[in-house]
Colleague: 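So that we are looking at the same thing, I have put the structure below in structure tokens.
Nothing fancy with the numbering, it's 1 onward along the sequence. Values reported hereafter were calculated over all heavy atoms of this structure, with side chains retained and with hydrogens, waters and symmetry mates removed.
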Amino acid sequence: MTGGSPAPGAAGWVEVRGARTHNLRDVSVRFPRGAMTAVTGVSGSGKTSLAFDTVFAEGLRRYLESLPTHARRFLERLERPDVDSADGLAPAISIGRPGSAPGPRSTLATIADLHDWLRLLFAHLGQAHCPRCGRAVRAVAPGALAEELLREPDGTRLTLLSPMLRDAAPGRRPAPGRECLADAEKAGFVRVRIDGEIKEVADVAPAEADRAKRIDAVVDRVVVREGVRARLADSVELAMKRSGGEIRLLVQRPGEAEPSLRNESARLACPDCEIAFEKLAPAHFSFNSRAGACPACEGLGLAAAGRPCKACGGARLRPEALACRIPFPDGPGVNIADLLALPLSRLRAWTEGCGASLRGAARAVAAPILSGLRERLAFLDEAGLGYLQADRPGATLSGGELRRVRLASALGQRLGGALYVLDEPSAGLHPRDAGALVALLRTLVDNGNTLLVVEHNPVVTAAADWEIELGPGAGREGGRVLRCGPREAARTPRQSGPREAARTPRQSGPREAARTPRQDGPVLAQGPRGLALRVRGASLHNLKRCDAAFPLGRLTVVTGVSGSGKSTLVEDVLGTNAARFFRAGRAERARFDWEGCAAVEGLDAFEKAVDVGAAAHARNPRANLLTFTGAWDRIRALYAATPLAKARGYGPSRFSFNAKGGRCEACKGEGSIRMEMSFLPDVSVPCEACGGRRFNRETLDVHWRGRSVADLLDMTALDALPLFAEIPALARQFETLRDTGLGYLSLGQPLSTLSSGEAQRLLLAAELARPARGRTLYLLDEPTRGQHARDVEKLLAELFKLRDAGHTVVVVDHDPAVMRAADWIVDLGPGGGDGGGRVVAQGPPETVAACPDSATAPFLREAR
């Protein structure tokens, strides 16, 4: 038991009985409330089905059903999971649920709730400025202005002016000067200030008034001294009333040779530019609101071709919002875009300084807002995310960064008694950061919450109080409970420390076991250019003119702490330039314009580049293994070529569940029908017309090798392999699914039901199944994310096949087993953000392990 954690059962239990979601086989488990439970097992064993699709789904459903009926009408209706009972559930919160990705408008600040606090801060403390002339804008009442003027030194001469004619605003003609002059005389004013000179009204000719650009009526001239309060207040009110809320003041303090001109307004407007502002509210600083979004880019910050919008400079907000600043005595202040552009660690420091510099009422108003900001920034900083800028687009965050952001946000909410369900919180984390993650998880538990964590990382699972292991295999071979009990009972003496726990059986053996004879020679031969792909002067994002080498025909692993620049180097520099290079013609390649670097040397040694990490995984509920891999088109052609199909005139489209003709029209090829239940959750029931088989009777009459198209969709990839053994193109696809550990999946299984680990391997399998023509550069970004150690072994075996066939494989990864199996390592760092972006070490794992400045080196030495 982890020190300080409650004893299992002290706060009660969550008990699940008869769970049959997806591949779960009538599973019954229990785990303690107020404690941390790890759900482990190979990919596809049912971890996500139990944690998210059963426990979380039922906890959320019950909470929503506790709301009034009229409120539930506006919420998503959730289906009841296939489970007999689930007792002891608390309101459930999901962190990192599969398929939940930030939208195009999301930023780190919006995901972490920082933006809301900053908007509140600027709405209350921000000083509006005119976006055209830059002058401070405020609204002042006549009485308040009079009191302010009375605080001027005794003897100060004040001339109160009421504007009557001014420069024409764009698209507007001013009133004729002679009319203004007549109005001043009719109102009883003796003097006017015309183009900066005070004259008697009687001395101004009509023609001179018509030529004037500005005419102000002189309402009063007052010397500040005791006894003028009433007179000054009346005169200020008169001047502002006659001009619609504006007043101009000539202020000449004792000892000054000339008076200074001052404009004030009872409206929030710039008296000089005639730009009026609404009263500041949080919505004015939101790019998701019409009140605040830049009208040119509608709050996206981008214009055509993905370039920053010129109107807002990529800041997404209206000019009025960007012109609002929080003032400081020693400087012009900052706007909200300035703060959002800061790394979180510097923003945290700014909140400390801001609170100390404010005085009086401003300090009292800002105190609770700054406190909330500091609290959330502290959690984010402690989660190792201080290097990230607050305005970083959410879509550019790695999976590990996103999970830690959401975890830190959950801590900032300070909830107690909730059920948090987390999916692979360690995914994408460097081993160095695992300790900080565990500390955050334990803090949630210490606050009285229950944690259910789907996890493979031994460091994280070793910190759990309870463990549920599912298996023994994946798919139909999984879905059973192998053990359910206290974590202590599962630990061995070897696993007692966090570093020892990080070792897997694969890592305990010598590194040479992962090598083939091909790897025994020198990794990087010397020559005029060297047998390597080389990136020169990479300077995109936080990369600091890096030079990196990737030996040809070898497996290179790019390592480094989160934010060190790994994905930028491999995906954004190497991957982007490689894709452009192979699209370009021979003449264009000779004068190639490299992006984000000085040059990439050695691309001409390849026929093509394949970026597996950049491939998109379909979440269309109609997509399945066959449609994703492209095998479905070939299979439908096989059915169309059968004698019965030819006799009936059926083409390949007849065997598509997405097209009319062959599919069951009662369920539109879905196999099930969703029934609306008013304010109760919708219910999906098997289609009575087709019995859940998705096709009509005439289509199912057609058989290929004794099986209908519906029979084929129910088969697993392993079962289908012998059926297609004589068709090389299809056999290769099913063999690849088997070799990547996906043979247990049903061919018709919707992709939306795959776990994150299964989805990653499917992407790789689809690429490996394509015939290789010539030498290929393969780029992969964290292919082990969400995978069990046993699955990592299978992945490495496939990568070795690519390498031994002469291809070059570059992998961004943190898994020590993958690092250990590499021929070459490029280690970036030493830190993240501004503290990273440099090549700390590169060479064989032994070379990097000996580097004293490398954050990866200690874990390489441990794995040896």
Colleague: Taking only Lys NZ, Arg NE, NH1 and NH2, and the carboxylate oxygens of Asp or Glu, determine whether Arg248 and Glu264 approach each other closer than 4.0 Å.
Modeller: no
Colleague: Would you call the rings of Phe122 and Phe285 parallel, tilted or perpendicular if under 30° counts as parallel and over 60° as perpendicular?
Modeller: tilted
Colleague: Looking only at side-chain N and O atoms, does Thr784 offer a donor or acceptor that is under 3.5 Å from a partner on Asp813?
Modeller: yes
Colleague: Would Lys566 and Glu571 count as a salt bridge (charged side-chain N to carboxylate O under 4.0 Å, His left out) if you check the C-alpha gap in whole Å, the side-chain angles of each, and the deciding distance to 0.1 Å?
Modeller: CA-CA 8 Å; Lys566 304 181 299 298; Glu571 294 286 332; over 6 Å; no
Colleague: Taking side chain as C-beta onward, heavy atoms only, is Asn263 less than 4.5 Å from Arg135?
Modeller: yes
Colleague: Indicate whether the side chain of Thr559 and that of Asp827 have a donor and an acceptor atom separated by less than 3.5 Å.
Modeller: yes
Colleague: Examine distances only and state if a side-chain atom of Asn447 and a backbone atom of Asn449 form a donor-acceptor pair shorter than 3.5 Å.
Modeller: no
Colleague: Considering only heavy atoms from C-beta outward, does the side chain of Ser854 approach that of Pro830 to under 4.5 Å?
Modeller: no
Colleague: Check whether any side-chain N or O of His456 sits under 3.5 Å from a backbone N or O of Ala427 as a donor-acceptor pair, and report yes or no.
Modeller: no
Colleague: Closer than 4.0 angstrom, basic N to acidic O: yes or no for Arg262 and Glu148?
Modeller: yes
Colleague: Check this for me: Glu278, atom CD, are more than 12 non-hydrogen atoms of other residues, nucleotides or ligands nearer than 6.0 Å?
Modeller: no
Colleague: Is the shortest side-chain heavy-atom distance between Leu340 and Ile336 below 4.5 Å?
Modeller: yes
Colleague: I'd like to know if the side chain of Arg105 pairs up with that of Thr110 as donor and acceptor (distance under 3.5 Å, no hydrogens or angles considered).
Modeller: no
Colleague: Looking at side-chain heavy atoms only, is the closest gap between Val573 and Glu595 below 4.5 Å?
Modeller: no
Colleague: Any side-chain heavy atom of Leu317 sitting closer than 4.5 Å to one from Cys312?
Modeller: no
Colleague: Is the shortest side-chain heavy-atom distance between Tyr420 and Leu444 below 4.5 Å?
Modeller: yes
Colleague: Is any side-chain heavy atom of Leu860 less than 4.5 Å from a side-chain heavy atom of Ile825?
Modeller: yes
Colleague: Would a 4.5 Å heavy-atom cut-off, applied to side chains only, mark Pro425 and Glu455 as touching?
Modeller: yes
Colleague: Show your working on salt bridge (charged side-chain N to carboxylate O under 4.0 Å, His left out) between Arg442 and Asp465 and close with a plain yes or no.
Modeller: CA-CA 10 Å; Arg442 297 307 314 182; Asp465 306 303; 3.3 Å; yes
Colleague: Does the separation of the ring centres of Phe287 and His115 fall below 6.0 angstrom?
Modeller: yes
